[in-house]
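To start, the structure under review is shown below, and the notes come after it.
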Number of protein chains: 2
Amino acid sequence: MTLEMVAARAGVARQTVSNAINAPELLRPQTLERVRRAIDELNYRPHRAAQALRTRASRLIGYGIRPGAGRVASPVLDEFLHAISDAADRAGYRVVLFSAPQDEELDRYQQLLDEQGADAFVLSGTDRGDPRQAWLHKKGVPFVAFGRTWTGRDVGDWVDIDGAAGTAAAVRHLASLGHRGIGFLGWPRGSGAGDDRARGWHEAMRALGLPVRNRRVESPGDLGPATEAADRLLDGGATAVIAASDALAVGCYQALHRRGRTPGRDVAVVGFDDSPTATMLWPPLSSLAQPIEAVGRECVRLLLDRLNGVERPAEHVLLAPELVVRDSI
Amino acid sequence: MTLEMVAARAGVARQTVSNAINAPELLRPQTLERVRRAIDELNYRPHRAAQALRTRASRLIGYGIRPGAGRVASPVLDEFLHAISDAADRAGYRVVLFSAPQDEELDRYQQLLDEQGADAFVLSGTDRGDPRQAWLHKKGVPFVAFGRTWTGRDVGDWVDIDGAAGTAAAVRHLASLGHRGIGFLGWPRGSGAGDDRARGWHEAMRALGLPVRNRRVESPGDLGPATEAADRLLDGGATAVIAASDALAVGCYQALHRRGRTPGRDVAVVGFDDSPTATMLWPPLSSLAQPIEAVGRECVRLLLDRLNGVERPAEHVLLAPELVVRDSI
DNA sequence: GCTCCTCCTTGGAGCGTTCCAAAAACTGCT
DNA sequence: AGCAGTTTTTGGAACGCTCCAAGGAGGAGC
């Protein structure tokens, strides 16, 4: 099925059919109608490779995945991919996956560009000093990142979760219930997202005039270490705990159980991520849900700007997580 | 960067460079060497769209995702996508995502075929009577499914987790520890995977001469219902419980806690899926881990056969889950 | 030195689309 | 009806690659 065949059926020239699809305003209404009917009848769809060859645009968005990272990589990747793929689809783009082992990451991006296998990229799992942003920016390749580089010198568009807004909202919610001893159970300083979430807690506490001294603890790991860190908060008399992740919140649950206390009834606990685990705990864990769907949509929106040649300074979008209240409060 | 430019540099004809890449055995060693050097020096990579146009093959593998399904859709999708994308990459293929809402699913597959946006498909989330397999088979489109249709009339290749082998292994493991009252906590009859897992438990029990009467319960939902179902097993004196999923196993944990009993010490509990939640529970839940990575590799292996025109009857691969023993046993 | 044969290399054509410039069909006005 | 100006339609060329059939180089045999 080609343009030529549609053209024959509609009794017009090849180019006229092409125009009917790409620039319908050029056709006389009755011609357009005739061509459209032929397209429908034949169920014609343009051949993507031919379009790509001629227009030098693949209409594909590259998404590099780091093999071996396995299930720990990013628990939300799944949903994020759904979201960007869905949003891209609506704009006529598709997401193509490629493997990008960390040691030859940039080479793989280069390869995709060389073979014109993608017009743009979506990055995720960005961490402090990720080289990809600067590299892509220098090459003038459109891209958007889910996550900041935390260097303060971001050169491209990004969308991220406003961790600070999330923890701050949790603080305010807990304070409105009468809590004054609200602790923060986080990771060691140095990680961008971790520090951000801690900051939100800290600022909201100060804004409310609540004491922060000895109310912040750091856990180097998820299970045992988190339990010990939570112990310190509880020893200090905290009546509520906000954790930087659901996994850390589980540590707090353990610490409470060991003391014969019950999350929710005795001490309020709030996690972060709203992972599937949250509803499986008892009592169900309240958590800050990341609006991943919205992140994906925003990423694609920003990317489409670039793909359409819109000139504007780098845009940064922060989306606030939503506190999902369950019985742990 | 085109073939022509590489040819100019190597002092040969365009076609010779193409041969150097696609049929190196046709070239005299010294010519090949010369061409290879030119390719390296210029960092040449064939333009995928041009290749696709000429060879009528996009070297893309389509993966349809059902939008809106969200995080519940498939907890393992993430890892699976990594695996197939990685394996495909090694064979020069890439995975392209497209949205396929359930109500117009086949149309979307058709669309991709019409625009030659993919040469083959990987299906997942197949359930009883999934129409996609038969449809693709009729059209002669290469595909492979992660999961059976459970109709007994599968027309194409598939790879699946051997649920029965998993639960059977769990039964044998528990029996070897001296358990005789081993219960099965499953879903209502009618789901392919659920019945399969129940069957493995049933057959292994009988093979070991252990009683199955009143040892199988069904839970229509995850949390409350699962706890009640587990209660019935415990009332019946079961000393070990094998659950059809980690979520159900959590129900069993609840039932035990309510009775003041401890999983592992008092009653052994085994889940299925080895989800991230398993390690976050206390005590850490033993579970049957699905070899998703291997499933992905096998899927791609089968698919490549078809893409390379290998003629053979449909092949079905069953991969056994691995029992990950933690403190809940 | 010539022919014949084999092995290697080459130019032309075409995949299906869009760009471009030119032709054709209209329109309104004399 | 004829003309200029505008709108609509058209055919040729090109994107970068691989297929195909034909050309050239080199070696064996006379």
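The basis for the numbers below is simple: all heavy atoms, side chains too, and nothing from hydrogens, waters or symmetry mates. Each chain gets a letter, A, B and so on, in the order its sequence line appears, and its residues count up from 1.
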query = Which heavy atom in A/I61 sits nearest to a heavy atom in A/A118, and how many Å separate them?
reply = C-CB, 4.4 Å
note = Closest heavy-atom pair, A/V35 versus A/A10, reported as atoms and distance to 0.1 Å, is CA-CB, 4.1 Å
request  = Could you tell me whether A/E115 and B/R45 have a side-chain N and a carboxylate O separated by less than 4.0 Å?
outcome  = no
B/A120 versus B/L307, closest heavy-atom pair with distance = CB-CD2, 3.9 Å
query = Taking everything shown except A/E104 itself, do over 12 heavy atoms lie less than 6.0 Å from its CD?
reply = yes
query = So does B/E33 pair up with B/R36, basic N to acidic O under 4.0 Å?
reply = no
Close N/O contacts between protein and nucleotides 6-8 of chain C (under 3.5 Å):
none

Measure all distances between protein nitrogen or oxygen atoms and nitrogen or oxygen atoms of nucleotides 16-20 of chain D, and list the pairs falling under 3.5 Å.
{"residue": "D/dG16", "atom": "OP1", "partner": "A/R56", "partner atom": "NH2", "Å": "2.3"}
{"residue": "D/dC17", "atom": "OP1", "partner": "B/Y44", "partner atom": "OH", "Å": "2.3"}
{"residue": "D/dC17", "atom": "OP1", "partner": "B/H47", "partner atom": "N", "Å": "3.2"}
{"residue": "D/dC17", "atom": "OP2", "partner": "B/L3", "partner atom": "N", "Å": "2.6"}
{"residue": "D/dT18", "atom": "OP1", "partner": "B/N22", "partner atom": "ND2", "Å": "2.9"}
{"residue": "D/dT18", "atom": "OP1", "partner": "B/Q51", "partner atom": "NE2", "Å": "3.2"}
{"residue": "D/dT18", "atom": "OP2", "partner": "B/S18", "partner atom": "OG", "Å": "2.7"}
{"residue": "D/dT18", "atom": "O2", "partner": "B/R54", "partner atom": "NH1", "Å": "2.7"}
{"residue": "D/dT18", "atom": "O4", "partner": "B/R14", "partner atom": "NH1", "Å": "2.5"}
{"residue": "D/dC19", "atom": "N4", "partner": "B/Q15", "partner atom": "OE1", "Å": "2.4"}

inquiry  = Just to verify, what does B/R306 make a salt bridge (charged side-chain N to carboxylate O under 4.0 Å, His left out) with, not counting sequence neighbours?
reply    = B/D157
message = Walk me through whether A/S124 and A/Y63 qualify under side-chain hydrogen bond (donor to acceptor under 3.5 Å, both in side chains).
response = CA-CA 8 Å; A/S124 81; A/Y63 184 88; 2.6 Å; yes
Distance, rounded to the nearest Å, where B/D114 contributes CG and C/dT17 contributes C1' = 16 Å
